[in-house]
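FYI, the numbering just counts along the sequence from 1. Model, not experiment: these values are computed from the prediction.
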Amino acid sequence: MPASLVTEPREDHWLDSDRLAPATARRRTSDFLSAYGLDALQGDAITVVSELVTNAVQYGSPRLGRVLLTLRAPNREQLHVEIRDFGPTPIPEPRDAALDDEAGRGLQIVSTLARNWGVDYRGDHGKVVWAILADQPTE
């Protein structure tokens, strides 16, 4: 098959913006990783997805009442995760949480586990928070 016809594995999942969204996202991510032989990324990927979906549900103010989880595997060593919300909320930034804070560590966790992460701001059309996870350490 010509290389131009080969596409990377990709799944899009609409998630209701409710307390069940992170669990649903974790399950979809686990299934995706198993299906495409990326089991080595299970722990980190599930944690990152859970943190990003939780943030999108809590702070994204999605107009549609849903967020979009996109999972891509450009090769057998990487997972690209995108969480899109549709609210005009500010760009998320990591913050320093005090020892007794119950929240505020999510993006620090994402930054630690992901090879790279960022935000694509879409103005009144929301934003996409993305992360790249890799089985191989960076060189």
Task: Within one Ile-Leu-Val-Met-Phe-Trp-Tyr cluster: Val49 and Val119, side-chain cutoff 4.5 Å - done: yes
Open item on the list: Are the side chains of Ile83 and Val128 in contact, using a 4.5 Å heavy-atom criterion?
Closed with: no
Task: Spatial distance of atom OG1 (Thr24) from atom CZ (Arg19) [nearest 0.5 Å] - done: 10.5 Å
TODO: For Pro74 and His80, work out which heavy atoms get closest and say how close.
DONE: CG-NE2, 3.4 Å
- [ ] With the side chain counted from C-beta on, respond yes when Gln108 and Glu51 share a heavy-atom pair under 4.5 Å apart, and no when they do not.
- [x] no
Open item on the list: Just verifying a value: how many Å separate Asp12 CG and Arg84 CZ, rounded to the nearest 0.5 Å?
Closed with: 11.0 Å
Open item on the list: If we ignore hydrogens and angles and just use 3.5 Å, is the side chain of Thr54 paired with the main-chain N or O of Ser50 as donor and acceptor?
Closed with: yes
- [ ] Taking the side chain as every heavy atom from C-beta outward, state whether Gln42 and Asp39 have any atom pair closer than 4.5 Å.
- [x] yes
- [ ] Please check if the side chain of Arg122 supplies one atom and the backbone of Asp85 the other of a donor-acceptor pair under 3.5 Å.
- [x] no
- [ ] Over all heavy atoms of both residues, which pair between Leu15 and Ala21 is shortest? Give the atoms and the distance, please.
- [x] CD1-O, 4.1 Å
Open item on the list: Are Trp117 and Val48 packed together at the side-chain level, in the sense that at least one heavy-atom pair is separated by less than 4.5 angstrom?
Closed with: no
- [ ] Let me see the working for Gln78 and Arg115 under side chain to side chain contact (heavy atoms under 4.5 Å, CB included), right down to the final yes or no.
- [x] CA-CA 9 Å; Gln78 286 189 354; Arg115 178 174 279 184; 3.5 Å; yes
Open item on the list: So Asn116 and Trp130, do their side chains get closer than 4.5 Å, heavy atoms only?
Closed with: yes
Task: Closest contact, heavy atoms only, Phe32 versus Pro9 - done: CZ-O, 3.8 Å
TODO: Determine yes or no for a side-chain-to-main-chain donor-acceptor pair under 3.5 angstrom, with Asp44 supplying the side chain and Thr47 the backbone.
DONE: no
- [ ] Compare all side-chain heavy atoms of Leu69 with those of Leu52 and state whether any distance is below 4.5 angstrom.
- [x] no
Task: Side chains of Leu33 and Leu71 in contact at under 4.5 Å (non-hydrogen atoms) - done: no
Open item on the list: Side-chain heavy atoms nearer than 4.5 Å, only ILVMFWY residues, links allowed to pass through others: does that put Leu68 and Ile132 together?
Closed with: no
Open item on the list: Quick check on the hydrophobic clustering: are Ile46 and Val110 connected, directly or via other members, by side-chain heavy-atom contacts under 4.5 Å?
Closed with: no
TODO: Can you measure from CG (Leu133) to CG (Leu38) and round to the nearest 0.5 angstrom?
DONE: 10.0 Å
Task: Asp120 side, atom CG; Glu82 side, atom CD - distance, nearest 0.5 Å - done: 7.5 Å
- [ ] Locate the shortest heavy-atom distance separating Thr29 from Ala45; write the atom from each residue and the value.
- [x] CG2-CB, 4.1 Å
